[in-house]
There are 2 protein chains.
Amino acid sequence: MTTMTAARITTPADRPAERPPMGLRERKKLKTRQAIRSATYTLVEEQGYDATTIEQIADRAEVSPSTVFRYFPTKEDIVLTDEYDEILLEELRARPADEPWMDSLRHVMHKALALGVTEEPEVSRLRARLGVEVPAVRARMVESMSAAGLLIRQAVADRTGLDQDGLEVRVFAMSLMGGLMEVSLYWAENGCEGELSDLMDRAMDVLEHGLPAGKPRGELRGKP
Amino acid sequence: MTTMTAARITTPADRPAERPPMGLRERKKLKTRQAIRSATYTLVEEQGYDATTIEQIADRAEVSPSTVFRYFPTKEDIVLTDEYDEILLEELRARPADEPWMDSLRHVMHKALALGVTEEPEVSRLRARLGVEVPAVRARMVESMSAAGLLIRQAVADRTGLDQDGLEVRVFAMSLMGGLMEVSLYWAENGCEGELSDLMDRAMDVLEHGLPAGKPRGELRGKP
DNA sequence: CATGAAATGAGAGTAACTCTCAAAAGTGTC
DNA sequence: GACACTTTTGAGAGTTACTCTCATTTCATG
């Protein structure tokens with residue numbers, strides 16, 4: 001979807017004739033969705049995640065609490081959900097089939113970071129920080145990683161000929177996800193300083209080739 | 001009453017030297033703890049996890065709901081917590097310092113499985129099954145894996161000379177944990193058939209050497 | 001404008017926690 | 001055994017995320 005306008009958070013409906021195939025209803029729904037999101041963001045920045053209740057969010061977004069739950073199944077989803085997943089999935093599919101899939105993954109990860117940063121730079125930080133501070137948010141992050149793991153499994157299976165549901169592929173995909181998740185936590189714990197994409201590259205190196213100094217086999221470890 | 005379970009956990013026949021320094025208070029605490037646990041196990045087997053409320057658990061364990069929460073911070077912890085962690089930590093520390101740490105880890109994992117199976121064979125299955133079925137339980141499993149990751153980091157740092165809090169070590173530890181977690185899910189999804197330790201070995205092979213057929217670099221992938 | 005479909009709001013209900021405070025039970029001392 | 005002292009427990013009220021239902025409003029359409 002090219003619903004870029006939806007990402008324009010505070011922009012009122014002042015762009016009349018830009019989307020022919022979208023009725024008033026759909027437009028309102030997007031607006032409500034975004035209103036709930038941005039209400040949550042500001043409230044969480046102001047008072048913290050736990051102190052922010054659904055009722056407050058509903059008030060500030062000028063909807064009823066019922067509506068909030070109609071749009072987002074859980075409080076964590078308000079903070080963590082976005083529309084990039086489909087874009088990234090297409091991006092992954094668009095990679096050449098003979099490209100080493102680890103390179104494909106690298107490419108998609110960079111794309112993901114670029115999207116997140118240019119579109120809403122402060123949201124990336126907020127998410128990473130909440131991932132560190134709030135267990136429930138971290139849990140939800142893991143859950144969505146696990147979903148992403150399914151895609152990785154598919155990509156790996158496609159290009160290696162291994163069974164997508166076999167133990168080996170599953171373990172590998174999940175270990176990848178775990179490693180990438182840790183990057184975000186590391187970034188947030190260190191004050192969100194530095195380029196996240198650099199960290200991501202370092203992490204991918206580890207996941208691809210093992211630890212830098214002492215190899216996984218560990219027999220040659222006397223490295224000062 | 002379920003005094004049997006408490007006797008099983010303390011096993012006076014096995015460890016005669018542990019008896020003297022435990023007063024009535026401590027003994028009762030252990031008994032209550034175990035009563036809550038076994039009440040939960042049977043109720044969950046009977047009606048499922050979500051259908052089982054804290055009040056029911058408290059009733060069957062013959063304590064008040066307040067007491068349940070005093071012993072376990074969350075409902076998931078009742079199912080997932082045990083006393084093996086310290087044992088395993090000591091086991092890890094007891095490994096020779098020049099052993100490749102991946103081998104150490106392998107050893108400890110096998111010990112963990114052996115403990116869990118001999119002590120309470122059905123609990124391992126229940127946990128694995130709940131991990132698949134109940135998102136909250138899965139989330140809590142990940143959380144405790146993350147805690148275990150800290151130990152892994154220490155072990156890796158000790159033997160490789162790398163920084164325990166550096167990105168590389170953290171990513172590696174977390175990817176390990178993710179992979180091992182997936183083993184349990186895989187096992188449960190396939191009906192808990194076969195030896196869990198065999199699966200664990202296969203997973204460790206993947207984590208140590210990469211995927212079997214197509215190597216991580218992926219350039220030599222034409223393997224039927 | 002009328003008619004049907006979809007979105008919303010209001011409210012009641014559930015269950016996992018949290019907090020507080022008074023009663024009860026275990027511990028050490030005389 | 002009676003005594004203070006500490007720890008554990010139970011009872012109950014309160015919070016909050018989330019669910020369900022139903023009546024009302026709002027959009028779409030012929």
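The figures that follow rest on heavy atoms only: side chains count, while hydrogens, waters and symmetry mates do not.
Residues A:Phe69 and B:Lys29 both approach DNA chain D. Their nearest nucleotides, taken by heavy-atom distance, put B:Lys29 toward the 5′ side.
Atom CG in A:Asp77 sits about 14 Å away from atom P in D:dA17, given to the nearest Å. The nearest whole Å value for the distance from the NZ atom in B:Lys75 to the P atom in C:dC17 is 8 Å. The CD1 atom of A:Ile78 sits 8 Å away from the P atom of D:dC18 (whole-angstrom rounding). Between A:Tyr71 atom OH and D:dC18 atom C1' the separation is 18 Å, expressed in whole Å.
Rounding to the nearest 0.5 Å gives a distance of 5.0 Å between CE of A:Met204 and CZ of A:Arg106.
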Would you list the atom pairs, donor with acceptor, under 3.5 Å between side chains in residues 172-180 of chain A and any protein atom, with sequence neighbours excluded?
| residue | atom | partner | partner atom | Å |
| --- | --- | --- | --- | --- |
| A:Ser175 | OG | A:Phe172 | O | 3.1 |

Could you give the side-chain donor-acceptor pairs of residues 191-198 of chain B under 3.5 Å, partners two or more places apart or in another chain?
none

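Put simply, the side chain of A:Val183 reaches to within 4.5 Å of the side chain of B:Val171, judged on heavy atoms. Proximity of B:Ile36 to B:Ile57: side-chain heavy atoms (C-beta onward) are separated by under 4.5 Å at one or more points.
Look at B:Glu46 and B:Arg60 and you find a salt bridge, because one of the NZ, NE, NH1 or NH2 atoms lies within 4.0 Å of a carboxylate O, short of that distance.
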task = Could you check A:Glu45 against A:Arg129 for side-chain contact (heavy atoms from CB on, under 4.5 Å), going step by step and ending with a plain yes or no?
result = CA-CA 11 Å; A:Glu45 299 259 27; A:Arg129 226 180 310 135; 4.1 Å; yes

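Counting heavy atoms of neighbouring residues, nucleotides and ligands inside a 6.0 Å radius, atom CD of A:Glu62 does not exceed 12 of them. When the shell of 6.0 Å around CD of A:Glu55 is examined, it contains 12 or fewer heavy atoms from other residues, nucleotides or ligands.
Among the protein residues, A:Pro65 comes within range of no part of the nucleic acid, since none of its heavy atoms lies under 4.0 Å from any strand. Across all strands, A:Phe72 comes closer than 4.0 Å to no nucleic acid atom at all (heavy-atom distances).
Every residue was checked against the side-chain hydrogen bond (donor to acceptor under 3.5 Å, both in side chains) condition with A:Arg125, not counting sequence neighbours, and none meets it.
Between B:Ser64 and D:dT9 there is no side-chain N or O to OP1 or OP2 distance below 4.0 Å.
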Report all interatomic pairs (protein N or O, nucleotide N or O of nucleotides 20-26 of chain D) with separations under 3.5 Å.
| residue | atom | partner | partner atom | Å |
| --- | --- | --- | --- | --- |
| D:dT26 | O2 | A:Arg25 | NH2 | 3.2 |

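Near DNA chain D, defined here as any heavy-atom distance below 4.0 Å, the residues from residues 46-63 of chain A are A:Thr52, A:Thr53, A:Ile54, listed numerically. Using a 4.0 Å cutoff on non-hydrogen atoms, no part of residues 137-146 of chain A comes near DNA chain C.
Side-chain N or O atoms of A:Ser144 include one that pairs as donor or acceptor with a backbone N or O of A:Met141 at under 3.5 Å.
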